[in-house]
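Heads up, the thing below is written out as structure tokens.
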Amino acid sequence: MATAVPTAALPTPARAGPAPPRAPLRADPRYLTQLHAALIKSGELTASPKSFHSLLEAAAASPTLLPYAVSLFRLGPRPPPSTPCYNVLMRAFLHAGHPEDALHLFVEMLGAASACPDQHTVACVLKSCSRMCALDVGRGVQAYAIKRGLMADRFVLSSLIHMYASCRDVSAARLLFDAVEENGVVMWNAIITAYLKNGYWMEVVEMFKGMLEVGLAFDEVTLVSVVTACGRIGDAKLGTWVAGYVDEKGLVRSRNLMTALIDMYAKCGELGKARRLFDGMQSRDVVAWSAMISGYTQADQCREALALFSEMQLAGVEPNNVTMVSVLSACAVLGALETGTWVHSYIRRKRLPLTIILGTALVDFYAKCGCIDEAVEAFESMPVKNSWTWTALIKGMATNGRGREALELFSSMRKASVEPTYVTFIGVLMACSHSCLVEEGRRHFDSMTQDYGIKPRAEHYGCIVDLLGRAGLVDEAYQFIRTMPIEPSTVIWRALLSSCAVHKNVEIGEEALKQIISLNSHHSGDYILMSNIYASVGQWKDAAMIRKEMKDRGIEKTPGCSLIELDGVVFEFFAEDSDHPQLREIYQKVEEMIDRIKMAGYIPNTADVRLEVDEHEKEVSVSHHSEKLAIAFGLMKLDPGATIRLSKNLRVCTDCHSATKLISKVYNREIVVRDWNRFHHFKDGTCSCNDYW
DNA sequence: CTAGGGTTAG
């Protein structure tokens, strides 16, 4: 304890008599220890239980002084602790995140002669039960409250409702609520948050509307719950009404409410409105920043999310574990390895709690950046894992082409008695399809229903179609679709169409495209695949016709786009990019690259290019694909030994795939490319996908 | 001495 304050600066030692002035009773260790000493010296501490209580209360007010408060409570000289003294210390335990200590103190209190639990005690104990999800203890405390006649207390009742809500027993909470004669806003808030916590968002909105109808008073807390629920169900209308009310009543200073509104707007897709509220806040705490960042991440505006994260750091607000979840998932989407790695080291340096959610985000981030070893390391460093965590790693293994290891992980997961979900099986089946493990795939698909009672969804059927189709069993894949118990979706037909492209199957390809068009959600990629199928078997006229059809229907080709990160900044390249400051150098580098790999045997594959131009133009066009520009940029900017990592929005085309293999050899570089559904690790002239993608 | 609220992964 610090005692470096000169004696002259001390408050005058209290003589026996009136209680010491309240002014110095701030939670400042210097004043407190000095005052404590003075009270002992004057004998006042033992003489006046009030002084003791004040001192204890002051110490308990600050979490850093909690050990001091405890020793004050435990060690003499002091009067026997009264009921309020117990209550103060219990609340301090709860506040400091030690609900179990609060419970222990309650038990001790039951046997103490100097104190007897009152309504304050019971409310606090119930809150501890909420925090610990201790339903049985909570019920016991309720029985105690009934015996002691404390059930009429509004604080006891609302704490009890919260306890049941936290323990996922909403109906018990509702029974209590209904049993109360005159419910005020506090009780309404209790039941509303009970619904909110358990995901009954419609009920939250309904109850609020009911309050409005009968003209009941509501407050800020009510509105926070209502707005949060609006965000979850996408009820922008009610949410906007609340925003208007907040504006009108001048509640803009309420940070929690503003944060809830930001979250609501973001979840309803109104990022601009969310940002305007955020910018208008007088003070933004870590939760407000986190809400805005997660808004951008969830809206798939990951670059904005990262930009806001760096603004947050400039503003001097320390991120917490929740912030980092959103930041990491933005990094995962962008393939921003440097930024994410920095986040990981920050987490370690600041010892942020590696919760299941944060750990899972970390595993997912590394896996989505193609760093599967680091993903495994992160996985192993986690103290507690759940089904999501295992699933993230299994999926990561699958997309990185390590199907066998993914399946081994799945069996370890089962050994660890972690229940797989339907998503886990998507990962398992993806592992099989990316690694061409046909028999295993069929087996797991059957076992999913038989052994785990999980009904296959469209995604699973899609995986099987993909698995069979890519393995060359295109007819069987087609038959599989025809006998499926669900209506085949575009996704499923699209999987079939891509395998037709791999195996040059015109007939089934045509059928698949027909089905996709009839379902009315065709992409440019579907037409391009079909056109490529025709081109690959020499049906040039049909290929041209499909392209024309696409044009006539006004379907724009999705521009290819590649991302590459450099010194923590994510650069974006488009095919035929004309918007980069170092364009000339980049195109020069591309030319040099193409010349060098041509000497190593590269032959440009121009079969898939628009047909109305001459051969040279086709070659140039292919050489300006976004990933070639990005790789050239990487070669220019990165250290000679550094791995080039990029991620792109479409699938890698055949030409870029063979070119990249040769680049990895000629330039002696590892290149990792993430396309829209898997990874390619290029090294020494070969690719981890074994040309099977 | 008293409640209740906002941000989070596959």
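Naming convention: chains lettered A, B, ... in sequence-line order (proteins, then strands); numbering from 1 in each chain.
- Look at A:Ser294 and you'll find a side-chain N or O under 4.0 angstrom from OP1 or OP2 of B:dT8.
- Ionic pairing of A:Glu374 and A:Lys368 is not present here: no N-O contact between side-chain nitrogen and carboxylate oxygen is shorter than 4.0 angstrom.
- Ion pairing between A:Arg348 and A:Glu377 fails under the 4.0 Å rule for side-chain N and carboxylate O.
- Checked against B:dA9, B:dT7, B:dG4, the side chain of A:Ala361 finds its nearest nucleotide in B:dA9.
- Counting any heavy atom pair closer than 4.0 Å across all strands shown, A:His162 reaches sugar-phosphate atoms only and no base atom.
- Rounded to a whole Å, the NZ atom of A:Lys50 is 8 Å from the P atom of B:dC1.
- Of the candidates A:Ile192, A:Val204, A:Val242, A:Leu216, A:Ile192 is the only one forming a side-chain contact (heavy atoms from CB on, under 4.5 Å) with A:Thr222.
- Aromatic ring pairs are classed by plane angle as parallel below 30°, tilted from 30° to 60° and perpendicular above 60°; the pair A:Phe425 and A:His444 is tilted.
- Among the heavy atoms of the strands lying under 4.0 Å from A:Ser387 is at least one base atom, whether or not backbone atoms are also near.
- Contact annotation for A:Thr193: backbone-only contact, meaning every heavy-atom pair under 4.0 Å involves sugar-phosphate atoms and none involves a base.
- Counting any heavy atom pair closer than 4.0 Å across all strands shown, A:Ile356 reaches a base atom.
- Ranking B:dT7, B:dG6, B:dG4 by closeness to the A:Asp219 side chain, first place goes to B:dG4.
- No close placement of the A:Tyr195 and A:Trp201 rings is indicated, their centers lying 6.0 Å or farther apart.
- Looking at heavy-atom distances under 4.0 Å, A:Asp364 makes contact with sugar-phosphate atoms alone, never a base.
- Below the 3.5 angstrom threshold, one finds a donor paired with an acceptor across the side chain of A:Thr421 and the base of B:dG10.
- Of the candidate nucleotides B:dC1, B:dT7, B:dA9, B:dT7 has the atom lying nearest to any side-chain atom of A:Val287.
- A:Leu157 places its CG atom 14 Å from the C1' atom of B:dT2, with the value rounded to the nearest Å.
- If you take OH of A:Tyr366 and C1' of B:dA9, they are 16 Å apart, rounded to a whole angstrom.
- Using a 4.0 Å heavy-atom criterion, one finds that A:Ala332 contacts no nucleic acid atom at all.
- In this structure, the CG atom of A:Asn320 is 12 Å from the C1' atom of B:dG6, given to the nearest Å.
- If you check residues 115-133 of chain A against DNA chain B, the residues with a heavy atom closer than 4.0 Å are A:Asp118, A:His120, A:Lys127, listed by number.
- At the heavy-atom level, A:Asn386 lies under 4.0 Å from base atoms of the strands shown.
- For the contact set between residues 252-268 of chain A and DNA chain B, defined by any heavy atom under 4.0 Å, the members are A:Ser254, A:Arg255, A:Asn256, A:Thr259, A:Asp263, A:Lys267.
- Looking at A:Arg275 and A:Tyr296, their side chains do bring a donor and an acceptor atom within 3.5 Å of each other.
- Residue A:Lys197 places at least one side-chain N or O under 4.0 Å from the OP1 or OP2 atom of B:dG5.
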- Message: Does A:Asp118 form a side chain to side chain donor-acceptor pair (under 3.5 Å) with A:Thr83? I'd like the steps, not just the answer.
- Response: CA-CA 8 Å; A:Asp118 61 3; A:Thr83 302; 5.6 Å; no

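- With A:Ser326 as reference, A:Ser294 is the one residue of A:Cys302, A:Ser290, A:Ser294 to meet the side-chain contact (heavy atoms from CB on, under 4.5 Å) rule.
- Atom CG of A:Asp300 is separated from atom P of B:dA9 by 13 Å (rounded to the nearest Å).
- Taking the six-membered ring where tryptophan is involved, the planes of A:His36 and A:Tyr68 are perpendicular, since the angle between them exceeds 60° and thus also 30°.
- Straight-line distance from the CE atom of A:Met207 to the P atom of B:dG4: 19 Å, rounded to whole Å.
- At the heavy-atom level, A:Ser225 lies nowhere under 4.0 Å from the strands shown.
- Residue contacts shown for A:Arg154 are absent, as no nucleic acid heavy atom lies under 4.0 Å away.
- For A:Leu352 and B:dT7, the CG to P distance is 19 Å, given to the nearest whole Å.
- In this structure, the ring of A:Phe106 has its center no less than 6.0 angstrom from the ring center of A:Tyr86.
- A:Trp388 has its CH2 atom 6 Å from the C1' atom of B:dG10, to the nearest Å.
- Among the atoms of the strands shown, none is found under 4.0 Å from any heavy atom of A:Thr355.
- Here A:Asp153 lies out of heavy-atom contact (under 4.0 Å) with every strand.
- Using a 3.5 Å distance cut-off with no hydrogens or angles, the side chains of A:Thr360 and A:Thr389 do pair a donor with an acceptor.
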